[in-house]
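For reference, the structure discussed in these notes is given below.
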Amino acid sequence: MNRSARAFWLRSPGHGELRDLTLAAPAEGEVLVRALYSGVSRGTETLVFGGGVPHSQHAVMRAPFQEGDFPGPVKYGYLSVGTVEEGPAELIGRTVFCLYPHQSRYVVPVNAVTVVPERVPASRAVLAGTVETAVNALWDATPLIGDRIAVVGGGMVGCSVAALLARFPGVRLQLVDADPARAKTAEALGVDFATPADALGDCDLVVHASASEAGLTRALQLLAPEGTVVELSWYGDRRVALPLGEAFHSRRLTLRSSQVGTVSPAARPGRDYADRMALALDLLADPALDALITGESAFEQLPEVMPKLAAGEIPALCHRIRYAETGLT
């Protein structure tokens, strides 16, 4: 059995490289996975790539199978889809999702992988980690039928939230972004689009995911009295100033955070991380979500591609990485 592998490491902020390794045979209760695809989460991963994780958040920001420490050398990532090559008989040959960094093969505990439903292509399943974030955000946000909702920030997370909200009956929904090009993505997801200046106000709920001070300020401005902003952005080591004077108190607005590291307490009792991931993968049966994958590169190109993603030279929501032995869709 071939247990050679290559992994992408951030050697130092702004500089990545591929490293060769040989894996040990999986022990009882483990699986050997051959990667088919992985995804670059442009927001978080490019912030890590640039060395922007503040020291106070080093422990909080660790990925499940991260090696090394911030700012580097570190092996980081969490959107991997592959085929089980060794392990329990019932998993051999199955396509699975794992919160693993960019690596061609890896060994993990059986409970770290989730089987991808047959109706979900492996190439789309790389979105599972981000759709899981959107699921948790909507559990936190508790939208209601008939709500007036805006999603501010048309990145990977914001578009995932908008795609799920588009299924809610009776809502007035807009995806709001400063980049007019995001209108095509919104159209593909079946969602109305607006620039910040043209966005509809009097919202009962605004989900903010632009990771910008201007976006969060606009999100607060779009609220109706008693409205709520659910904040999904992570700002790393940047400080954010907000207009919490003026009418913030008189209009009784709410600003609350949502973070995928904890299952939302609003979820049904007994729901755990595995349930949330299984739900996210099931939701990926919708082909409209292919609109969130905006580019693809070979794994061998990742050291050259990552700096371009971080600099914005390659515009991306989710940039998919293809491994040499893929041959699947």
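For reference, positions follow the sequence shown, starting with 1. Worth saying up front: this structure is predicted, and the values here are computed from it rather than measured. The figures that follow rest on heavy atoms only: side chains count, while hydrogens, waters and symmetry mates do not.
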For side chain to side chain contact (heavy atoms under 4.5 Å, CB included), just list the numbers for Met156 and Leu79, CA-CA rounded to whole Å, side-chain angles, deciding distance to a tenth of an Å, and then say yes or no.
CA-CA 13 Å; Met156 191 175 172; Leu79 301 173; 3.9 Å; yes
Could you please spell out the steps behind the side chain to side chain contact (heavy atoms under 4.5 Å, CB included) verdict for Asp20 and Ser4?
CA-CA 8 Å; Asp20 295 319; Ser4 63; over 6 Å; no
After noting the C-alpha distance and the side-chain angles of Glu86 and Arg3, does the key distance pass the side chain to side chain contact (heavy atoms under 4.5 Å, CB included) rule?
CA-CA 10 Å; Glu86 295 185 62; Arg3 298 194 184 100; 2.9 Å; yes
Dump the intermediate steps for side chain to side chain contact (heavy atoms under 4.5 Å, CB included) on Val53 and Trp234, then the final yes or no.
CA-CA 10 Å; Val53 180; Trp234 190 69; 4.1 Å; yes
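Cluster annotation: Leu144 is not connected to Leu205 through the hydrophobic network of ILVMFWY side chains, with a link wherever side-chain heavy atoms come within less than 4.5 Å. Residues Val115 and Val135 do not share a hydrophobic cluster, defined by chaining ILVMFWY side chains whose heavy atoms lie under 4.5 Å apart. In terms of hydrophobic clustering, with Ile, Leu, Val, Met, Phe, Trp and Tyr side chains grouped at heavy-atom distances under 4.5 Å, Leu232 and Leu317 are assigned to a common cluster. A chain of hydrophobic side-chain contacts below 4.5 Å, direct or via other Ile, Leu, Val, Met, Phe, Trp or Tyr residues, connects Val240 to Leu253. No path of Ile, Leu, Val, Met, Phe, Trp and Tyr side chains, each step under 4.5 Å between heavy atoms, connects Leu200 with Phe193, placing them in separate hydrophobic clusters.
Side chain of Gln174 to main chain of Val176: no donor-acceptor pair is present (N/O by atom type, distance under 3.5 Å, no hydrogens or angles). Side chain of Ser104 to backbone of Arg6: a donor-acceptor contact under 3.5 angstrom is found. Put simply, the side chain of Arg256 gets close to the backbone of Asp140: a donor and an acceptor are under 3.5 Å apart. With hydrogens and angles ignored, the 3.5 Å screen pairs no side-chain donor or acceptor of Thr185 with any backbone N or O of Ala181. A donor-acceptor distance shorter than 3.5 angstrom exists from the side chain of Ser212 to the backbone of Gly215, with no hydrogens or angles considered. Looking only at distances, no side-chain donor or acceptor of His319 sits under 3.5 Å from a matching main-chain atom of Val40. A donor-acceptor distance shorter than 3.5 angstrom exists from the side chain of Arg105 to the backbone of Asn2, with no hydrogens or angles considered.
Put simply, the side chain of Leu173 does not reach to within 4.5 Å of the side chain of Asp192, judged on heavy atoms. Counting heavy atoms from C-beta outward, Thr44 and Met61 have side chains that approach closer than 4.5 Å. Inter-residue side-chain proximity for Leu292 and Leu189 is flagged as met; some heavy-atom pair is nearer than 4.5 Å. For the pair Ser258/Trp139, no side-chain contact is recorded, criterion being any heavy-atom separation below 4.5 Å from C-beta on. Side-chain contact between Val171 and Pro143: absent, with no pair of heavy atoms (C-beta onward) separated by less than 4.5 Å. Counting heavy atoms from C-beta on, the side chains of Tyr37 and Arg322 come closer than 4.5 Å. Inter-residue side-chain proximity for Val113 and Val108 is flagged as met; some heavy-atom pair is nearer than 4.5 Å. Asp177 has its side chain out of reach of Ser210: every pair of non-hydrogen atoms, C-beta onward, lies at least 4.5 Å apart.
Closest of all the heavy-atom pairs between Gly87 and Ile92 is N-CD1, 3.5 Å. Taking each heavy atom of Phe49 and Gly16 in turn, the nearest pair found is CE1-N, 3.9 Å.
Atom CD of Glu187 has 12 or fewer neighbouring heavy atoms from other residues, nucleotides or ligands inside a 6.0 Å radius. No more than 12 heavy atoms of other residues, nucleotides or ligands lie within 6.0 Å of CD in Glu118, so this atom counts as exposed by the packing criterion. For Glu304, the CD atom counts as densely surrounded, since its 6.0 Å shell holds more than 12 non-hydrogen atoms of other residues, nucleotides or ligands. The number of heavy-atom neighbours closer than 6.0 Å to CZ of Arg252, taken from other residues, nucleotides and ligands shown, is 12 or below.
In this structure, a donor-acceptor pair under 3.5 Å is absent between the side chains of Thr83 and Glu85. Side-chain atoms of Asn136 and Ser264 include no donor-acceptor pair closer than 3.5 Å. A donor-acceptor contact closer than 3.5 angstrom links the side chains of Tyr323 and Ser38.
Atom OG of Ser80 and atom CG of Leu99 lie 9.5 Å apart (nearest 0.5 Å).
Salt-bridge annotation for Arg320 and Glu296: present, with a side-chain N of the basic residue lying under 4.0 Å from a carboxylate O of the acidic one. With salt bridges taken as basic N to acidic carboxylate O contacts below 4.0 Å, none links Asp275 and Arg268.
Taking the six-membered ring for Trp and thresholds of 30 and 60 degrees, His102 and Phe8 have ring planes more than 60 degrees apart, a perpendicular arrangement. Taking the six-membered ring for Trp and thresholds of 30 and 60 degrees, Tyr76 and Tyr78 have ring planes more than 60 degrees apart, a perpendicular arrangement.
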